[in-house]
Amino acid sequence: MAREPDRRGHARRTGGKRIGEGRRSRAAILQAAVDLSAERGYNAVTMEAIASRAHVGKPTLYRWWSSKGTLFLDALTERFGEPYFQVGDTGDLIADLRNWLYGITELFLDPVLSDLVAGVAGAAQHDPELAAILHQQLHLALSGRNQERIRAGQRDGQLIGFDPLLLEDLLVAPLWYRLLITARPISRAYADTILNTVLSAAAPSSGQQHPCWRS
């Protein structure tokens, strides 16, 4: 995520005006990054281009971010939020898991957002700081909440017997594999197939299908 700007008393001397200007500059930078990525693709965007589009000096970018990857990670999480990756809670765990997969599917079908996600994920393989941020502040936090949602459903008698972490991995991994490796089509129908296939392990021995496990 973003670094805290080095204020060391400067903000106190200049007051709220300086803070407000800093926030506006930061918002302009994130918007510039997203716009440039939409126009050129993640890999073709440079920190210099972002600074120029946002009408700020390049050092301003590095006061908040150590790299392009950390900047774009903030653009993703702050401007588009985390709901795509978090399981909701309607009381129906299977429906919530289905909607969770639908949300990720919609994200991956958006050409701009999917390019950003793939770009940041790829950059993390060569940027230890970005990888640590992704793991500690994003993945672990979201995965922890998702596993707790699954456990809550299990306490209510839903999907008993599944390991929450393994269930989460089994459901989301095929979507990531198609996005990052095979480039094969992603759709809601494919998300349904993933969910139905994984949950079939808990289907009754009679072969009857739970009414929520639609194809």
For this session: Give a yes or no answer on whether the side chain of S37 reaches the backbone of A33 with a donor-acceptor pair at less than 3.5 Å.
Result: no

Exercise. Which residue pairs satisfy the salt bridge (Lys or Arg N to Asp or Glu O under 4.0 Å) criterion with at least one member in residues 99-119, sequence neighbours excluded?
Worked result: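 Sorted result for residues 99-119: E106-R188.
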
Problem set entry | ring pair (Phe, Tyr, Trp, His ring centres under 6.0 Å) pairs, two or more places apart, involving residues 118-150 |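 Ring pair (Phe, Tyr, Trp, His ring centres under 6.0 Å) check on residues 118-150 returns H135-H139.
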
I'd like to check [X] versus [Y] (side-chain heavy atoms, cut-off strictly below 4.5 Å). Are they in contact?
| X | Y | result |
| --- | --- | --- |
| L71 | L30 | yes |
| I29 | W65 | yes |
| K68 | Y42 | yes |
| F85 | R145 | no |
| I150 | V87 | no |

Exercise. By side-chain contact (heavy atoms from CB on, under 4.5 Å), which residues pair with L166, not counting sequence neighbours?
Worked result: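 In terms of side-chain contact (heavy atoms from CB on, under 4.5 Å), with neighbours along the sequence ignored, L166 is linked to D163, L170.
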
Exercise. By side-chain contact (heavy atoms from CB on, under 4.5 Å), which residues pair with A131, not counting sequence neighbours?
Worked result: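 Partners of A131 under the side-chain contact (heavy atoms from CB on, under 4.5 Å) test: A124.
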
Exercise. Going only through I, L, V, M, F, W and Y residues with side-chain contacts under 4.5 Å, is there a path from Y62 to V45?
Worked result: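 Hydrophobic grouping puts Y62 with V45.
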
Exercise. Hey, any chance I104 and L165 share a hydrophobic cluster, counting ILVMFWY side chains that come within less than 4.5 Å of each other, even indirectly?
Worked result: no

With [X] via side-chain hydrogen bond (donor to acceptor under 3.5 Å, both in side chains) - residues at least two apart:
| X | result |
| --- | --- |
| E148 | R155 |
| Q158 | none |
| D127 | S67 |
| D35 | Q31 |

Seminar exercise, completed: Sorted by chain and number, sequence neighbours left out, salt bridge (charged side-chain N to carboxylate O under 4.0 Å, His left out) with D156 holds for none

Exercise. Closest approach of A75 and V34, non-hydrogen atoms and distance?
Worked result: CB-CG2, 4.0 Å

For this session: Could you walk me through whether F162 and Q154 pass side-chain contact (heavy atoms from CB on, under 4.5 Å), step by step?
Result: CA-CA 9 Å; F162 278 99; Q154 291 175 330; 3.9 Å; yes

Exercise. Hey, mind stepping through L167 and L97 against side-chain contact (heavy atoms from CB on, under 4.5 Å) and telling me if it holds?
Worked result: CA-CA 10 Å; L167 178 58; L97 290 172; 4.2 Å; yes

Compile the donor-acceptor pairs under 3.5 Å between side chains in residues 172-182 and protein atoms, sequence neighbours left out, one pair per line.
from, atom 1, to, atom 2, distance (Å)
R178, NE, Y190, OH, 3.4
R178, NH1, P185, O, 2.6
T182, OG1, R184, N, 3.2

For this session: Please collect all side-chain hydrogen bond (donor to acceptor under 3.5 Å, both in side chains) contacts where either partner lies in residues 50-61, sequence neighbours excluded, each pair once.
Result: E39-R53, E48-K58, T60-R63

